[in-house]
*Asks:* 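The structure follows.
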Number of protein chains: 2
Amino acid sequence: MTTSKKLDRSDPHRRTRRDHSTETAEDYVEAMAEIIERSGTCRVVDLTKHFGVSHVTVTRIVARLQDEGLVVTEKYRPIELTTQGRRLAQRSRQRHEIVYEFLLALGVDPKVAAIDAEGIEHHVSPQTLSKFKAFVQR
Amino acid sequence: MTTSKKLDRSDPHRRTRRDHSTETAEDYVEAMAEIIERSGTCRVVDLTKHFGVSHVTVTRIVARLQDEGLVVTEKYRPIELTTQGRRLAQRSRQRHEIVYEFLLALGVDPKVAAIDAEGIEHHVSPQTLSKFKAFVQR
DNA sequence: TGAATAGTGTAGTTAAGGCTACAATTTGAA
DNA sequence: TTCAAATTGTAGCCTTAACTACACTATTCA
Ligand SMILES: [Mn+2]
Ligand SMILES: [Mn+2]
Ligand SMILES: [Mn+2]
Ligand SMILES: [Mn+2]
């Protein structure tokens, strides 16, 4: 039983707003995990390049991620992921990858797929994700 | 020629941020067009119910849409769409419909598809949209 | 070893989009 | 017709996420 109830017409928008409120955290820990894997450590400047925003924006967001227990920082030091941060990074990365591969399987060009996947990933429910996965594996 | 250049790793995020900056306008004019079609006029209170936000939030967003030339309002009167607003509504509605039908065609439950489509629609490029359309028509 | 440069921190501003509380207007029913 | 309810407006607050400008720390290399 998937607890259905009735669908209020405002429910989809409530959900979209909730997706957006977790989007930044997902993208940041995902980027940090990748950067650490690639280069050993992740610094503020790496994230400014990754996201194309100023270092001030990165610093503020990272501070909030620390409050949320996803990262640990120390002044002028590289940023580290907590266990919780690594878990979220892994889940986000898997979902991102599935969405990207799904778009490729549909015939979308790699560059376009990379762009679309970055926004779409946060709005894909578990059920839709599993349909994507099934499609990729034909 | 689709002017390729090379893909900076910050491009997808720039694009996602741009999508989010136009999302509200798209959803609002789309909702207004539907409400007007269904009931003749669209009032602030209709939009508060549609989106599940306070009437203050609706009022402020509608004021901005007026600055942008998408709607016309007069104190205590129903909100009207401009020609430009109707054009955007139509485009948004078509794209939304295609995304929704695509998810259904993939086998996603209607309620889940309605929720996911509401967020996904804004991140679907023309190319991806045409792949979605082709898939729906098998 | 010092400077220059790179990286980071901090202060202050802006805009969008959420809210509550209260004031004003419109409308519908008695 | 009048007045109570519904609707809309306005004032003021919050959070997120963007920015510039300037200060401070760390690193590199001449
Ligand atoms: Mn991502
Ligand atoms: Mn993303
Ligand atoms: Mn989004
Ligand atoms: Mn939407």
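Numbered from 1 within each chain, the chains take letters A, B, ... in sequence-line order. All heavy atoms count here, side chains included; hydrogens, waters and symmetry mates do not.
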*Asks:* Report the residues that fulfil side chain to side chain contact (heavy atoms under 4.5 Å, CB included) with B/His20, sequence neighbours left out, ordered by chain and then residue number.
*Replies:*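 Listed in chain order: A/His20, A/Glu23, A/His123, B/Thr16, B/Glu23, B/His123.
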*Asks:* Could you identify which residues cluster with B/Leu47, counting Ile, Leu, Val, Met, Phe, Trp and Tyr as linked when any side-chain heavy atoms lie under 4.5 Å apart, either directly or through a chain of such contacts?
*Replies:* B/Tyr28, B/Val29, B/Met32, B/Ile35, B/Ile36, B/Val44, B/Phe51, B/Val53, B/Val58, B/Ile61, B/Val62, B/Leu65, B/Leu70, B/Val71, B/Ile79, B/Leu81, B/Leu88
*Asks:* What side-chain hydrogen bond (donor to acceptor under 3.5 Å, both in side chains) pairs are there with at least one residue in residues 64-75 of chain B, not counting sequence neighbours?
*Replies:*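 Applying side-chain hydrogen bond (donor to acceptor under 3.5 Å, both in side chains) to every pair that reaches into residues 64-75 of chain B, excluding sequence neighbours, yields B/Arg64-B/Glu68, B/Gln66-B/Thr73.
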*Asks:* Taking A/Asp19 first and then A/Arg15, would you say they form a salt bridge - that is, a charged N and a carboxylate O separated by under 4.0 Å?
*Replies:*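 Salt bridge present between A/Asp19 and A/Arg15.
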*Asks:* State which residues pass side chain to side chain contact (heavy atoms under 4.5 Å, CB included) with A/Glu101; sequence neighbours excluded, sorted by chain then number.
*Replies:* A/Glu97, A/Leu104, A/Val136
*Asks:* Can you list, in residue-number order, the parts of residues 64-71 of chain B that come under 4.0 Å of DNA chain D, counting heavy atoms only?
*Replies:*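 Hits under 4.0 Å, by residue number: none.
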*Asks:* Taking protein heavy atoms under 4.0 Å as touching, what does nucleotides 19-26 of chain D look like 5' to 3' if B marks base contact, S marks sugar-phosphate-only contact and - marks none?
*Replies:* BBB--BSS
*Asks:* Tell me, please, which residues at least two apart from A/Asp116 pass side chain to side chain donor-acceptor pair (under 3.5 Å).
*Replies:*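 A/Asp116 satisfies side chain to side chain donor-acceptor pair (under 3.5 Å) with B/Ser125, B/Thr128 once adjacent residues are dropped.
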*Asks:* Check each residue of residues 30-46 of chain A for a non-hydrogen atom within less than 4.0 Å of any atom in DNA chain C, then write out the ones that pass by number, or none.
*Replies:* A/Arg43, A/Val44, A/Val45
*Asks:* Using the test side chain to side chain donor-acceptor pair (under 3.5 Å), find all partners of A/Arg14 that sit at least two apart in sequence or belong to another chain.
*Replies:*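 A/Arg14: side chain to side chain donor-acceptor pair (under 3.5 Å) contacts with A/Ser10.
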*Asks:* Would you mind listing every side-chain hydrogen bond (donor to acceptor under 3.5 Å, both in side chains) that reaches into residues 34-45 of chain A, with sequence neighbours excluded?
*Replies:* A/Glu37-A/Arg93
*Asks:* For residues 121-138 of chain A, pull every pair meeting salt bridge (charged side-chain N to carboxylate O under 4.0 Å, His left out), keeping only residues two or more places apart or in separate chains.
*Replies:* none
*Asks:* The criterion is side chain to side chain donor-acceptor pair (under 3.5 Å); which residues satisfy it with B/Thr48, sequence neighbours excluded?
*Replies:*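 Listed in chain order: nothing, the list is empty.
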